[in-house]
Amino acid sequence: MTDIASSAPADESPGGYDPAAIERKWQAHWQATGANTPDLARGANPFYALMMFPYPSAEGLHVGNLFAFTGNDIYGRFQRLQGHTVFQPLGYDAFGIHSENFAIKLGIHPNELIPRNIDNFRRQLQRAGLMVDWTRELSTTDPRYYRWTQWVFLQLYKQGLAYKKKAAVNWCPFDKTVLANEQVIAGACERCGTMVEQRFLEQWFFRITDYAGRLLANLDALDWSETTKSAQRNWIGKSEGAEIVFVVQDVMEFAGSATASAGQSGEITATPLEIRVFTTRADTIFGATYLVLAPEHPLVASVVGDDQRDEVDRYVRDAGRQDLVSRKTTKEKTGVFTGAYATNPATGMPIPIWIADYVLMEYGTGAIMAVPGHDERDFEFARTYDLPIRRVIAGPTHAGDVSLDAAFTETDGCRVVNSGRFNGLPVGDAQAAIVTELAARHAAVPVVNYRLHDWCISRQRYWSPPIPIVYCERCGTVPVPESQLPVLLPAIDDFRPDDSGVSPLARHAEWYHTTCPQCGGPARRETDVSDTFLDSAWYFLRYTSADRDDVPFDPALTKKWLPVNSYIGGNEHAVLHLLYARFVTMVLHDAGHLHFEEPFTRFRAHGLIVREGAKMSKSKGNVVNPDQYIEEWGADTFRTYLMFLGPFEEGGDFRDKGISGVKRFLDRLWRSVQYARRDGATDADVRRKLHQTIRKVGDDVARLSYNTAIAAMMEYMNTMRSGERVPHVDEVRPLVQLVSPFAPHIAEELWSMLGESVSVMDSGWPTYDESLLADDQVTMAVQMNGKTRGTVRVSTDATQDEAVAAILADPALAKYVTGPIKKVIFVKGRLVNVLVAQ
RNA sequence: GCCGGGAUGGCGAAACUGGUAAACGCGCGGGACUUAAAAUCCCGUGACCGCAAGGUCUUCCGAGUUCGAGACUCGGUCCCGGCACCA
C-alpha cells in the first residue's frame, strides 16, 4: 500500500469538499441566525414565493415533491439576491381521505400517525436546505388552523353561498363517502378507482356556479401556465346559446292527475304547457324534428299520454336505477315516446316529444330540441327510432343534395337551407337572426351555460373539520357563532366510515348533542365534515399570520404580502385546488376581507419526474427516495441534478448516471476557489464569458429555465479552467453567487472561504457590464446560394462590403463564387449569404 | 370527438424574435499521470462516402412560403395531459 494522502484527489485532502459536513454546518447556522425568517412587518420589497404544500404521506417525501420544492426554492433565493425580502413558507395538507385511509390501513389513529409523518417530512425537507421560514409552518389539522377553515365556511354561509340540498351525488362504495364531480375520473373514484354510484343525500354545497363567468374571464389576464388555464377553461365549460320555448300541443288532453285510474283522464289545465330547451345551434331549428326530455325532467309526468304511461314509467325507473357511470358510458341510445307533441316555433309544425337518458338533467334545461341532421347523437337516436332527418345546413360543396348518411356538423363556410326566409344565411348570421326573431315573440332568450357544477363540500367521514352548523328544533339551521370556533373534531376511536351515508361523528351522541347558540334549547350538530379542498383553498392567506389566534389573516400583512407573487405546483391540481382557491379568494374579496380577487399572480406548473419513461409508483418499485441520494451525493448535488435533468416545466427522466456530471461541476467549483490565484491579471476572454454568463443565468432563472442556467455555468467553468489555467479569485467569486440558489450550502462555504462575512444569500446578484459582452471580432456564417459553406472572422461592426471582401480573400470560400454575385443577404454579426448566378 | 402540450445524436437535452442544428451533461473511444486502479487533466464523438482535402445527408412523415425553416403555413402519423351523450 502506498501513501493514500499523497495521491489522494484534492477533494479528500484536508480542506476538501465534504458535502455532509458543510451541509450540516450551514443548516445549523441558518437556523441559529434566523436566516430564512424574514421580518414580515418591516422587510422591504416583499416577495411571496409559494409552493403547493404537501400531503404528508407515511412513505415520506417523494423526489417529485423535492423537485417542485427545489424549483421554488431557487426562484425564491434568486429573488432574494435581487434585493427582495422573500417569504417562503411551508405547511402540511394533512386532513382528508388520503390520510384517513392510510391510518385505517395501518390501524393507527390519524391523531397519532399524522404528527409522526409531519416530523419525518420536516426532517427530509430540512436536509434539502430549503430557504423555508420554519417559524410559520402550519398544518390544516391544527385546531388553530381549522378554526379559520370553519370561519371561511361561515363567510360563504353569510353570503348565501353555502346551502344544503338533497341531490344525486357521486357515492364511492369503497371510501364510503360523497365525491365532488371533480373527484370522479371517468366514472371512477379519483382516489381508489372504485366505480362511483349515484345516491340521493342531503349535502352542503357552495355556489361556485355564481362565479363561473368571473372565474373564466379572469383567466385571460393571469400569468399562468397555458396548460393550467386551458384545463380550467375546459372545466368551467362555457357555451353560448339560447333557450327556446316549445309549446306542447293539446295540453288539456295530457295535463292532469298521474294517478287517474281505469283510463280516465284527469283535470284539464287551461295554461299552455311549455318546454324550454337549451341549444347552441339555433340556426338548425328548422331541422328540429323531435324534442327529448331527460328522464328526471319535472314535466315528464304532465306530458305523458295515458297509453304510454306504463312504458314511460318503466323507462324512467330503469334510468334512475342506473348509476351515473353506466349512464355516461353506454353508447346505444334508448328512449321512449311520450305520446305528446310540441310545436316547433320556427316551422309551426308538430314534433313528437320523447324521453331519453342521453339527455342530462344536470345540464342546460334538461331538455333538447333534437336536430338529427346536424347532431351525431340525435342522428343515431333518430335512426334507431325511425324519426325524420332533415338537412337544414349545407356546405359550400353540396349545394342541392339533401340526403344525409351521417350527421353533418360542420359550420365553417356553411349556409342555412330548407329554413324558409333564413335560407342562404351563413350559420353564424342565421343563429343571431333566428334568436332575434323568436325573442321578439317571447319564444327564445339568449343564454350562457356552464358545465361547472356547484361544489359539494360535505363528506361523511371523520378526518376533516366539522362543518360549523347546528340544527335547532326551534330555530332550524343555525351557524355556529365565530366566537365559538373551532368546533373541535372529537378524538374518537371508531372513526371508520360505514355504509349508512352518515359520518362516523353521527354515532357519537355526546358530541352531536349540543345547545342552540340562538335560543339555548336542545340542538344537534351537523355531523358532516368538509372537503379537504376547502382546507387548501385558503392556506396561502394564513402563513403570514400563522401565530395569530385573533384573526385568520392579519390585514396589514395581507395587504403587504399578498397576492402571492409566484406559485409553483403540480398540474394535477390545475382544476380542483386552483379553481377552489380562486373562488374562495373572490368570495372573501367580495365580502371585504381581501383587497384582491385573484390569489396567485403568477403560476407555473412543474413537470413530472419519471423513471425510465414510466411514472414512479410504489407498485412498480421505481420510487426514488431522496434520503438515499442526499446521503450519497449531498443535497447540493442532488438539488442541482434535479434541476439539470430536464426543463423544470416539463420534468424529466431520473437516471442515476447523470448525477456524477453535476458532482464533478461542484468539485471543480470547490477547487477553483481553493486554488484561486489572487495575483496576476484576469483574461479578457474569460471576463467576457463571465459577463455573458451573469446575464444568461439571470435571464434563465427568471423564466425557470434552470437546466440551461446550469449549462451556462458549466460552460463558464470550462472557459475559466480550460487547459491548465488557474482561475483568478475575481473570476470565481461571481460564479459562487450564481450557483448559490442551486447549491446553497457549498456556496455559503466557498463564500466564507473567499473571505466574505455576510451570507452569500444577501450578497446581491452580480451585475454585468453591457460593454463587455461582445468581442471586437465575430465569426459569421457564410452561405453560398443558401448552403452553409464555412465561416469568416470579421470585426464586430463589419459592413456587408467588408464581409464580402473577407470571403473573397479566403480561397476556401472564394472558390464557390463561380459567377457574378447577384445578391448578398447580410445579417450583421451573424451571417452572409452570397447568391451567385449559375 | 373537442382543448392543451410534445416528437431533435447511443441517452437526458440546447437552439429566446426564421440565420453555422446538436450548447451543457451522461455514455463511449483514444491519450497524459500511475507499478496498477480510482480520481484528475487533455483530445475525439450525428450518419454516410473518402487515404485525405473534401463531399452528401440529417430535427416524426408529406407538401408549401423564404436567399435561408427544428422554428412559420397547410395536410398527416404517433406520444402525454385535460374534458367528454354538456345539446
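Below, chains carry the letters A, B, ... as their sequence lines are ordered, and counting in each starts from 1.
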| Sugar-phosphate, base or nothing in reach of A/Gln783, heavy atoms under 4.0 Å | base
| note | Result for 5'-nearest mapping on RNA chain B, choosing between A/Asn718 and A/Glu376, is A/Glu376
| message | Using a strict threshold of under 4.0 Å (side-chain N to carboxylate O), is an ion pair present between A/Glu715 and A/Lys696? | response | no
| A/Asp378 and A/Tyr358 side chains, donor-acceptor separation under 3.5 Å | yes
| task | Identify the two heavy atoms, one from A/Ala356 and one from A/Tyr315, that lie closest to each other, and give their separation to 0.1 Å. | result | CA-OH, 3.6 Å
Which pairs, protein N/O on one side and nucleotides 2-7 of chain B N/O on the other, fall under 3.5 Å?
residue: B/C3; atom: O2'; partner: A/Ser230; partner atom: OG; Å: 3.4
residue: B/G4; atom: O4'; partner: A/Ser230; partner atom: OG; Å: 3.3

| task | For nucleotides B/C57 and B/G4, find the distance between their P atoms and express it as a whole number of Å. | result | 37 Å
| query | Quantified in whole Å, what is the P atom distance between nucleotide B/A39 and nucleotide B/C28? | reply | 11 Å
| If you take all heavy atoms of A/Ala444 and A/Val435, which pair is closest and at what distance? | CB-O, 4.2 Å
| said: Heavy atoms only, 4.0 Å cut-off, all strands: where does A/Ile368 land among base, sugar-phosphate and nothing? | reply: base
| task | Considering only atom P, compute the distance from B/A53 to B/G44 and round it to an integer number of Å. | result | 15 Å
| Syn or anti for B/G70, with syn set at within 90° of 0? | anti
| query | Does OP1 or OP2 of B/U40 have a side-chain N or O of A/Arg721 closer than 4.0 Å? | reply | no
| task | Quickly work out the A/Leu608 CG to B/G12 C1' distance and round it to whole Å. | result | 16 Å
| request: Just compare B/U20, B/C57, B/C85 and give me whichever is closest to any side-chain atom of A/Leu360. | output: B/C85
| query | So, are A/Asp220 and A/Arg233 salt-bridged, with charged N and O less than 4.0 Å apart? | reply | yes
| query | Base, sugar-phosphate alone, or nothing: which one does A/Leu645 contact when heavy atoms must sit under 4.0 Å apart? | reply | sugar-phosphate
| query | To the nearest Å, how far apart are A/Arg725 CZ and B/C42 P? | reply | 13 Å
| note | A/Arg668 atom CZ is separated from B/A39 atom P, nearest whole Å, by 15 Å
| What nucleotide among B/A15, B/G25, B/C83 has an atom nearest to a side-chain atom of A/Phe644? | B/G25
| Which one of A/Asn449, A/Ile368, A/Ile244 satisfies the side-chain contact (heavy atoms from CB on, under 4.5 Å) criterion with A/Phe278? | A/Asn449
| Does the gap between the ring centers of A/Tyr641 and A/Tyr629 come in under 6.0 Å? | no
| Is A/Arg233 touching bases, backbone alone, or none of the nucleic acid, heavy atoms closer than 4.0 Å? | nothing
| remark: Note: for A/Val827 and A/Thr334 on RNA chain B, the residue whose nearest nucleotide lies more 5' is A/Val827
| Could you give the CE-to-P distance, from A/Met717 to B/A23, as a whole number of Å? | 19 Å
| message | Would you say A/Thr788 places a side-chain N or O within less than 4.0 Å of OP1 or OP2 belonging to B/A21? | response | yes
| Does the side chain of A/Ser239 get closer than 4.0 angstrom to OP1 or OP2 of B/A87 through an N or O atom? | yes
| Quick one: is A/Asn707 getting a side-chain N or O under 4.0 Å of the B/A14 phosphate, OP1 or OP2? | yes
| Taking A/His691 for the side chain and A/Tyr768 for the main chain, is one N or O donor matched with an acceptor at less than 3.5 Å? | no
| field | Worked verdict on A/Phe665 versus A/Phe644 for ring pair (Phe, Tyr, Trp, His ring centres under 6.0 Å) | value | CA-CA 12 Å; A/Phe665 169 68; A/Phe644 186 56; 8.7 Å; no
| task | Quote, to the nearest angstrom, the C1' distance that separates B/G12 from B/A7. | result | 15 Å
| task | Verify whether the ring centers belonging to A/Phe381 and A/Tyr290 lie closer than 6.0 Å. | result | yes
| said: Can you check the distance between B/A13 and B/G70, where both ends of the measurement are the C1' atom (answer in whole Å)? | reply: 14 Å
| Pairwise C1' distance, B/U45 and B/C61 [rounded to whole Å] | 29 Å
| remark: From CZ of A/Arg281 across to C1' of B/A87 the rounded distance in Å is 11 Å
| query | Rounding to the closest angstrom, what is the interatomic distance between B/A47 and B/A22 at atom C1'? | reply | 13 Å
| Taking only N and O in the side chain of A/Lys787, is any of them less than 4.0 Å away from OP1 or OP2 of B/C57? | yes
| query | Do A/Tyr385 and A/Thr334 meet the criterion of a side-chain donor-acceptor pair at a distance under 3.5 Å? | reply | no
| Nearest-Å distance, CE (A/Met643) to P (B/G25)? | 19 Å
| message | Assess the residue pair A/Phe742 and A/Leu642 against the criterion (side-chain contact (heavy atoms from CB on, under 4.5 Å)); give the C-alpha distance rounded to whole Å, side-chain angles, the decisive distance to 0.1 Å, and a yes or no. | response | CA-CA 10 Å; A/Phe742 296 85; A/Leu642 286 177; over 6 Å; no
| request: Could you check if a side-chain atom of A/Tyr716 sits within less than 4.5 angstrom of a side-chain atom of A/Arg721, using non-hydrogen atoms only? | output: no
Short heteroatom pairs, N/O only, protein and nucleotides 48-55 of chain B, under 3.5 Å:
residue: B/G55; atom: OP1; partner: A/Tyr816; partner atom: OH; Å: 2.2

| query | Do you see a donor-acceptor pair shorter than 3.5 Å between the side chains of A/Arg604 and A/Ser225? | reply | no
| query | Which whole-number value in Å describes the distance from A/Gln431 CD to B/A87 P? | reply | 12 Å
| query | Taking the side chain of A/Thr279 as heavy atoms from C-beta outward, which of B/A87, B/C41, B/C24 is closest to it? | reply | B/A87
| Looking at B/U20, B/C41, B/A87, which one has an atom nearest to any side-chain atom of A/Val359? | B/A87
| said: How many whole angstroms separate atom CG of A/Asp283 from atom C1' of B/A87? | reply: 13 Å
| Counting side-chain heavy atoms from C-beta on, which of B/G12, B/A87, B/U20 comes nearest to A/Thr791? | B/U20
| Given the P atoms of B/C43 and B/C26, what is the spacing between them in whole Å? | 14 Å
| remark: Closest to the side chain of A/Thr280, out of B/A87, B/C85, B/A23, is B/A87
| query | Can you give the dot-bracket line for RNA chain B, where a pair is Watson-Crick or G-U wobble with both atom distances under 3.5 Å, crossing pairs use [ ], and | marks a partner on another strand? | reply | (((((((..(((......[....)))((((((.......))))))((((....))))..(((((..]....))))))))))))....
| task | Would you indicate what A/Lys229 reaches in the nucleic acid, counting non-hydrogen atoms under 4.0 angstrom: base, sugar-phosphate, or nothing? | result | nothing
| query | Checking all strands, does A/Arg451 fall into the base, sugar-phosphate, or nothing category for heavy-atom contacts under 4.0 angstrom? | reply | base
| query | Between A/Ser230 and A/Thr227, does any side-chain donor sit less than 3.5 Å from a side-chain acceptor? | reply | no
